[in-house]
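Notes follow the structure.
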Amino acid sequence: ETGVTQTPRHLVMGMTNKKSLKCEQHLGHNAMYWYKQSAKKPLELMFVYSLEERVENNSVPSRFSPECPNSSHLFLHLHTLQPEDSALYLCASSQVRTENNSPLHFGNGTRLTVT
Amino acid sequence: RKEVEQDPGPFNVPEGATVAFNCTYSNSASQSFFWYRQDCRKEPKLLMSVYSSGNEDGRFTAQLNRASQYISLLIRDSKLSDSATYLCVVREGSDMRFGAGTRLTVKP
(Lines give C-alpha, C1' and ligand atoms only; values in the text may rest on other atoms or scores of the structure.)
Protein backbone atom coordinates (compact mmCIF):
# COMPACT_ATOMS: atom_id res chain seq x y z
CA GLU A 1 0.00 0.00 0.00
CA THR A 2 1.45 3.30 -1.08
CA GLY A 3 1.82 6.22 1.34
CA VAL A 4 1.38 8.56 -1.61
CA THR A 5 -2.04 8.70 -3.28
CA GLN A 6 -2.82 10.32 -6.59
CA THR A 7 -6.13 11.10 -8.23
CA PRO A 8 -7.42 10.58 -10.78
CA ARG A 9 -5.74 7.40 -12.02
CA HIS A 10 -6.75 8.12 -15.60
CA LEU A 11 -7.70 11.39 -17.28
CA VAL A 12 -8.73 12.19 -20.82
CA MET A 13 -9.04 15.86 -21.65
CA GLY A 14 -9.37 18.10 -24.65
CA MET A 15 -6.90 20.82 -25.46
CA THR A 16 -9.23 23.54 -24.24
CA ASN A 17 -10.06 21.92 -20.91
CA LYS A 18 -8.80 22.83 -17.47
CA LYS A 19 -8.16 20.03 -15.01
CA SER A 20 -6.13 19.39 -11.89
CA LEU A 21 -4.16 16.41 -10.65
CA LYS A 22 -4.08 15.82 -6.93
CA CYS A 23 -1.48 14.18 -4.74
CA GLU A 24 -1.45 13.50 -1.02
CA GLN A 25 1.32 11.96 1.06
CA HIS A 26 0.85 10.31 4.44
CA LEU A 27 4.52 9.74 5.23
CA GLY A 28 5.37 12.96 7.05
CA HIS A 29 7.84 13.95 4.33
CA ASN A 30 8.94 17.54 3.73
CA ALA A 31 9.42 17.46 -0.03
CA MET A 32 7.05 16.65 -2.89
CA TYR A 33 7.68 16.26 -6.59
CA TRP A 34 5.93 16.07 -9.93
CA TYR A 35 7.53 13.89 -12.59
CA LYS A 36 6.49 13.26 -16.18
CA GLN A 37 7.12 9.90 -17.81
CA SER A 38 6.65 9.67 -21.56
CA ALA A 39 7.01 6.46 -23.53
CA LYS A 40 10.62 5.27 -23.77
CA LYS A 41 11.99 8.38 -22.03
CA PRO A 42 13.51 8.84 -18.60
CA LEU A 43 11.44 10.36 -15.86
CA GLU A 44 11.54 14.13 -16.22
CA LEU A 45 11.45 16.25 -13.09
CA MET A 46 8.83 18.98 -13.46
CA PHE A 47 8.59 20.60 -10.04
CA VAL A 48 10.03 20.19 -6.57
CA TYR A 49 8.55 21.62 -3.39
CA SER A 50 10.81 21.37 -0.39
CA LEU A 51 9.46 22.68 2.91
CA GLU A 52 6.53 24.06 0.88
CA GLU A 53 8.77 26.31 -1.21
CA ARG A 54 9.24 25.60 -4.88
CA VAL A 55 12.94 25.10 -5.35
CA GLU A 56 13.16 24.12 -8.98
CA ASN A 57 11.29 24.53 -12.22
CA ASN A 58 12.89 22.73 -15.11
CA SER A 59 11.57 25.10 -17.76
CA VAL A 60 8.23 23.37 -17.80
CA PRO A 61 5.66 25.10 -20.05
CA SER A 62 3.36 27.52 -18.27
CA ARG A 63 0.36 25.39 -19.18
CA PHE A 64 1.43 23.29 -16.18
CA SER A 65 0.99 25.09 -12.86
CA PRO A 66 1.86 23.49 -9.52
CA GLU A 67 0.37 24.31 -6.16
CA CYS A 68 1.52 23.09 -2.76
CA PRO A 69 -0.78 24.38 -0.01
CA ASN A 70 0.98 22.35 2.71
CA SER A 71 3.58 19.64 3.11
CA SER A 72 1.07 16.83 2.54
CA HIS A 73 -0.75 18.04 -0.57
CA LEU A 74 0.38 18.82 -4.07
CA PHE A 75 -1.61 19.78 -7.14
CA LEU A 76 -0.80 20.12 -10.80
CA HIS A 77 -3.16 22.44 -12.64
CA LEU A 78 -3.47 21.80 -16.36
CA HIS A 79 -4.82 24.13 -19.04
CA THR A 80 -4.66 24.31 -22.83
CA LEU A 81 -2.51 21.20 -23.03
CA GLN A 82 -1.12 19.74 -26.23
CA PRO A 83 -1.33 16.12 -27.44
CA GLU A 84 2.41 15.71 -26.73
CA ASP A 85 1.64 16.30 -23.05
CA SER A 86 0.00 12.87 -22.94
CA ALA A 87 2.06 10.86 -20.46
CA LEU A 88 2.14 9.29 -17.02
CA TYR A 89 2.37 11.98 -14.34
CA LEU A 90 3.92 10.75 -11.14
CA CYS A 91 3.86 12.43 -7.76
CA ALA A 92 6.50 11.55 -5.19
CA SER A 93 7.60 12.58 -1.74
CA SER A 94 10.79 12.29 0.28
CA GLN A 95 12.40 13.53 3.45
CA VAL A 96 15.12 16.04 2.62
CA ARG A 97 17.78 16.26 5.29
CA THR A 98 21.34 17.55 5.41
CA GLU A 99 22.66 14.01 5.09
CA ASN A 100 21.22 10.62 4.31
CA ASN A 101 18.28 11.93 2.35
CA SER A 102 15.51 9.42 2.03
CA PRO A 103 14.56 7.94 -1.35
CA LEU A 104 11.49 8.95 -3.28
CA HIS A 105 8.17 7.30 -2.63
CA PHE A 106 5.88 7.41 -5.65
CA GLY A 107 2.16 7.49 -6.06
CA ASN A 108 0.41 5.26 -8.60
CA GLY A 109 0.45 8.02 -11.18
CA THR A 110 -2.14 9.66 -13.39
CA ARG A 111 -2.22 8.49 -16.98
CA LEU A 112 -3.15 11.57 -18.98
CA THR A 113 -4.37 11.57 -22.55
CA VAL A 114 -4.84 14.88 -24.35
CA THR A 115 -7.10 14.68 -27.38
CA ARG B 1 26.12 14.36 -21.92
CA LYS B 2 23.28 12.69 -20.02
CA GLU B 3 23.34 13.31 -16.28
CA VAL B 4 22.60 9.70 -15.42
CA GLU B 5 23.43 7.11 -18.03
CA GLN B 6 22.57 3.41 -17.98
CA ASP B 7 23.23 0.34 -20.09
CA PRO B 8 20.86 0.56 -23.05
CA GLY B 9 19.54 -2.99 -22.73
CA PRO B 10 17.27 -4.82 -23.16
CA PHE B 11 18.64 -7.80 -21.26
CA ASN B 12 17.05 -11.18 -22.00
CA VAL B 13 18.34 -13.88 -19.68
CA PRO B 14 17.29 -17.41 -18.65
CA GLU B 15 16.09 -18.18 -15.15
CA GLY B 16 18.97 -18.68 -12.78
CA ALA B 17 21.35 -16.40 -14.67
CA THR B 18 23.41 -13.65 -13.10
CA VAL B 19 22.95 -10.23 -14.66
CA ALA B 20 24.70 -6.92 -14.01
CA PHE B 21 23.54 -3.39 -14.72
CA ASN B 22 25.83 -0.38 -14.85
CA CYS B 23 25.18 3.31 -14.39
CA THR B 24 27.34 6.42 -14.58
CA TYR B 25 26.54 9.90 -13.31
CA SER B 26 28.02 13.24 -14.29
CA ASN B 27 27.72 15.34 -11.12
CA SER B 28 30.54 14.56 -8.70
CA ALA B 29 28.63 16.38 -5.93
CA SER B 30 25.80 13.85 -6.04
CA GLN B 31 24.91 12.75 -2.58
CA SER B 32 22.78 9.63 -2.59
CA PHE B 33 22.22 6.77 -4.96
CA PHE B 34 19.41 4.30 -5.47
CA TRP B 35 18.16 1.53 -7.70
CA TYR B 36 14.45 1.50 -8.48
CA ARG B 37 12.37 -1.12 -10.20
CA GLN B 38 9.45 -0.24 -12.47
CA ASP B 39 6.95 -2.76 -13.77
CA CYS B 40 5.00 -2.09 -16.93
CA ARG B 41 2.46 0.73 -16.46
CA LYS B 42 3.24 0.99 -12.75
CA GLU B 43 5.08 3.52 -10.65
CA PRO B 44 8.78 3.09 -9.80
CA LYS B 45 9.45 1.37 -6.50
CA LEU B 46 12.63 1.50 -4.45
CA LEU B 47 14.72 -1.63 -4.82
CA MET B 48 17.68 -0.61 -2.72
CA SER B 49 19.86 2.28 -1.70
CA VAL B 50 23.51 2.18 -2.75
CA TYR B 51 26.25 2.80 -0.21
CA SER B 52 29.94 3.46 -0.71
CA SER B 53 30.86 0.25 1.07
CA GLY B 54 28.57 -1.78 -1.17
CA ASN B 55 25.46 -3.49 0.10
CA GLU B 56 23.58 -6.69 -0.44
CA ASP B 57 19.93 -7.62 -0.09
CA GLY B 58 19.31 -11.27 -0.80
CA ARG B 59 20.09 -11.90 -4.46
CA PHE B 60 20.75 -8.22 -5.14
CA THR B 61 24.12 -6.51 -4.67
CA ALA B 62 24.74 -2.81 -5.26
CA GLN B 63 28.12 -1.12 -5.58
CA LEU B 64 29.18 2.54 -5.72
CA ASN B 65 32.49 3.89 -6.97
CA ARG B 66 32.56 7.63 -6.26
CA ALA B 67 35.95 8.13 -7.91
CA SER B 68 34.67 6.74 -11.20
CA GLN B 69 31.12 8.04 -10.66
CA TYR B 70 29.81 4.58 -11.31
CA ILE B 71 27.02 2.48 -9.79
CA SER B 72 26.23 -1.15 -10.40
CA LEU B 73 23.49 -3.65 -9.60
CA LEU B 74 24.07 -7.39 -9.65
CA ILE B 75 21.17 -9.85 -9.64
CA ARG B 76 22.02 -13.47 -8.92
CA ASP B 77 19.84 -16.52 -9.61
CA SER B 78 17.36 -14.51 -11.70
CA LYS B 79 13.67 -15.24 -11.25
CA LEU B 80 10.83 -14.71 -13.71
CA SER B 81 9.47 -12.11 -11.30
CA ASP B 82 12.66 -10.03 -11.71
CA SER B 83 11.45 -9.01 -15.18
CA ALA B 84 11.07 -5.24 -15.04
CA THR B 85 12.84 -2.01 -15.91
CA TYR B 86 15.63 -1.05 -13.50
CA LEU B 87 16.24 2.65 -12.94
CA CYS B 88 19.43 4.20 -11.63
CA VAL B 89 18.68 7.27 -9.52
CA VAL B 90 21.04 9.94 -8.23
CA ARG B 91 20.21 12.63 -5.69
CA GLU B 92 21.54 16.18 -6.05
CA GLY B 93 20.26 18.24 -3.13
CA SER B 94 16.48 18.10 -3.23
CA ASP B 95 16.51 16.88 -6.81
CA MET B 96 16.50 13.27 -7.97
CA ARG B 97 17.86 12.44 -11.42
CA PHE B 98 16.76 9.27 -13.18
CA GLY B 99 18.47 7.19 -15.79
CA ALA B 100 16.47 6.01 -18.79
CA GLY B 101 16.24 2.53 -17.32
CA THR B 102 17.33 -0.91 -18.44
CA ARG B 103 14.71 -3.45 -19.38
CA LEU B 104 15.25 -6.97 -18.05
CA THR B 105 13.31 -10.01 -19.22
CA VAL B 106 13.92 -13.31 -17.46
CA LYS B 107 12.74 -16.29 -19.48
CA PRO B 108 11.93 -19.85 -18.39
Side-chain angles (χ1 to χ4, degrees), chain A residues 1-6 9-10 23 25 27 29-58 68 71 87-113, chain B residues 1-10 21 23-27 29-53 55 57 60 62 64 66 71 73 84-104:
Chain A
E1 182 180 343
T2 181
V4 180
T5 55
Q6 285 186 244
R9 292 293 303 275
H10 301 274
C23 178
Q25 61 99 359
L27 300 169
H29 288 163
N30 61 6
M32 296 187 77
Y33 308 73
W34 280 117
Y35 280 88
K36 175 183 177 182
Q37 189 173 36
S38 302
K40 299 184 179 180
K41 287 187 176 181
L43 271 75
E44 301 172 52
L45 177 64
M46 299 178 73
F47 302 103
V48 180
Y49 278 85
S50 181
L51 301 175
E52 300 176 35
E53 291 187 2
R54 192 164 76 192
V55 298
E56 187 164 347
N57 179 337
N58 287 318
C68 188
S71 60
L88 179 66
Y89 289 84
L90 290 159
C91 173
S93 70
S94 74
Q95 187 68 15
V96 176
R97 301 183 284 262
T98 304
E99 296 181 359
N100 299 322
N101 292 315
S102 74
L104 289 174
H105 295 259
F106 284 91
N108 290 328
T110 295
R111 188 158 296 279
L112 173 68
T113 303
Chain B
R1 181 183 173 188
K2 294 179 184 176
E3 294 170 336
V4 180
E5 197 154 1
Q6 294 187 237
D7 282 348
F21 301 141
C23 173
T24 57
Y25 59 96
S26 59
N27 187 344
S30 298
Q31 301 156 303
S32 307
F33 309 89
F34 309 93
W35 283 101
Y36 277 73
R37 168 196 170 128
Q38 186 173 23
D39 294 286
C40 188
R41 303 185 73 83
K42 297 282 186 70
E43 76 277 16
K45 292 186 177 178
L46 178 68
L47 180 65
M48 58 197 303
S49 301
V50 186
Y51 303 115
S52 298
S53 55
N55 49 298
D57 183 3
F60 299 84
L64 167 64
R66 284 189 182 270
I71 306 160
L73 176 68
T85 296
Y86 290 83
L87 304 169
C88 175
V89 185
V90 175
R91 179 184 285 282
E92 302 170 10
S94 59
D95 189 8
M96 299 278 263
R97 302 287 181 180
F98 284 76
T102 302
R103 175 90 185 130
L104 171 67

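A note on names: the letters A, B, ... follow the listed sequences, proteins ahead of strands, and every chain is numbered from 1. The figures here come from the full heavy-atom set of this structure, side chains too, leaving out hydrogens, waters and symmetry mates. Computed from a predicted structure; not experimentally measured.
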Review point. B:F98 vs A:F106 aromatic rings, parallel, tilted or perpendicular, using cut-offs 30° and 60°?
Key: perpendicular

Review point. Who passes side chain to side chain contact (heavy atoms under 4.5 Å, CB included) against B:A62, sequence neighbours left out?
Key: B:W35, B:M48, B:V50, B:N55

Review point. Under a 4.5 Å cut-off applied to non-hydrogen side-chain atoms, are B:S49 and B:Y51 in contact?
Key: yes

Revision key, fill the gap. Bottom line for A:Q37: the part with an atom under 4.5 Å from chain B's heavy atoms is side chain

Study note, to complete from the structure: So, the part of B:R103 with a heavy atom under 4.5 Å from chain A: the answer is neither

Review point. Given that the side chain runs from C-beta out, which part of A:L43 has a heavy atom under 4.5 Å from chain B: side chain, backbone, both or neither?
Key: both

Review point. Tell me, do B:V4 and B:V89 make a side-chain contact under 4.5 Å, heavy atoms counted?
Key: no

**Study point:** Region of B:Q38 in contact with chain A, defined by heavy-atom distances below 4.5 Å
**Key:** side chain

